[in-house]
Amino acid sequence: ETGVTQSPTHLIKTRGQQVTLRCSSQSGHNTVSWYQQALGQGPQFIFQYYREEENGRGNFPPRFSGLQFPNYSSELNVNALELDDSALYLCASSLAFSRWRNTEAFFGQGTRLTVV
Amino acid sequence: GIQVEQSPPDLILQEGANSTLRCNFSDSVNNLQWFHQNPWGQLINLFYIPSGTKQNGRLSATTVATERYSLLYISSSQTTDSGVYFCAVGTSGTYKYIFGTGTRLKVLA
């Protein structure tokens, strides 16, 4: 059984650029969630995908967007990068039995994004 | 929305000591997890414990959902236990986890 993997592990981008982060969910899982963790803070929910559809969104602007693919892997895209987007981005996968009932989440190692 | 507070915010222990970390939440939950975040940022699952008591080696956890708190016990602490401990809760009808404020633990050799 493979765990949750994210790529890349580190990334440096310039303000105004666009970035794509990737996540492979754990085998057998159908739900992927993305979180942003600023330095010294707890992770904050960005959005979740359940069976390829967005299943909820946190308080993040539309320039944060995502996709989930038929194999349940996922991408997080951020357009027009700002300095405050510098953070650790965490992906979590889980097996949900419905859109509104989630279960134990397993996290990847994260992508550390620095915007300069 | 639901508020999740953890205490203490910081904890320094000598190797071999025991500790109790607390997570209080302001509303009913149907999911609760405890995580250990290592210095590289990885969130490691410790317990999935919406209610009841579980034990795994030197660690154990108890969630009293009716009183809206959960406790994580670490016995005979080791330097490798250092890091930040988070509790995260999910409420009925929602799909996200809300993370607590974290407890930063440092275990000295």
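We name chains A, B, ... by the order of the sequence lines, and we start the count at 1 in each one. These numbers come from the heavy atoms of this one structure, side chains and all, not from hydrogens, waters or symmetry mates. No experiment lies behind these values; they were computed from the predicted model shown.
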For [X], is the [atom1] atom crowded, meaning more than 12 foreign heavy atoms sit under 6.0 Å from it?
X      : atom1 : value
N59(A) : CG    : no
R15(A) : CZ    : no
L39(A) : CG    : no
I12(A) : CD1   : no
E15(B) : CD    : yes
R68(B) : CZ    : yes

| said: Between F47(B) and L21(B), is there shared hydrophobic-cluster membership here, with clusters defined by ILVMFWY side-chain heavy atoms closer than 4.5 Å? | reply: yes
| Test of ring centre spacing under 6.0 Å for Y97(B) and Y35(A) | no
| message | If I compare all heavy atoms of Y48(B) with all of E104(A), which pair ends up nearest, and what's the gap? | response | CB-CD, 3.5 Å
| Where Q37(B) and L88(A) come nearest, the two heavy atoms and their spacing | NE2-CD2, 3.8 Å
What's the separation between atom [atom1] in [X] and atom [atom2] in [Y], rounded to the nearest 0.5 Å?
X       : Y      : atom1 : atom2 : answer
F106(A) : N45(B) : CZ    : CG    : 5.0 Å
L43(B)  : C91(A) : CG    : SG    : 11.5 Å
Q48(A)  : K96(B) : CD    : NZ    : 10.5 Å
Q37(A)  : F99(B) : CD    : CZ    : 8.0 Å

| query | So which of A92(A), G108(A), G40(A) has the largest heavy-atom pair count under 4.5 angstrom toward chain B? | reply | G108(A)
| query | Who wins among G42(A), S33(A), P43(A) for the most heavy-atom pairs under 4.5 Å with chain B? | reply | P43(A)
| Sub-3.5 Å donor-acceptor pair from the side chain of Q42(B) to the main-chain atoms of G110(A), do we have one? | no
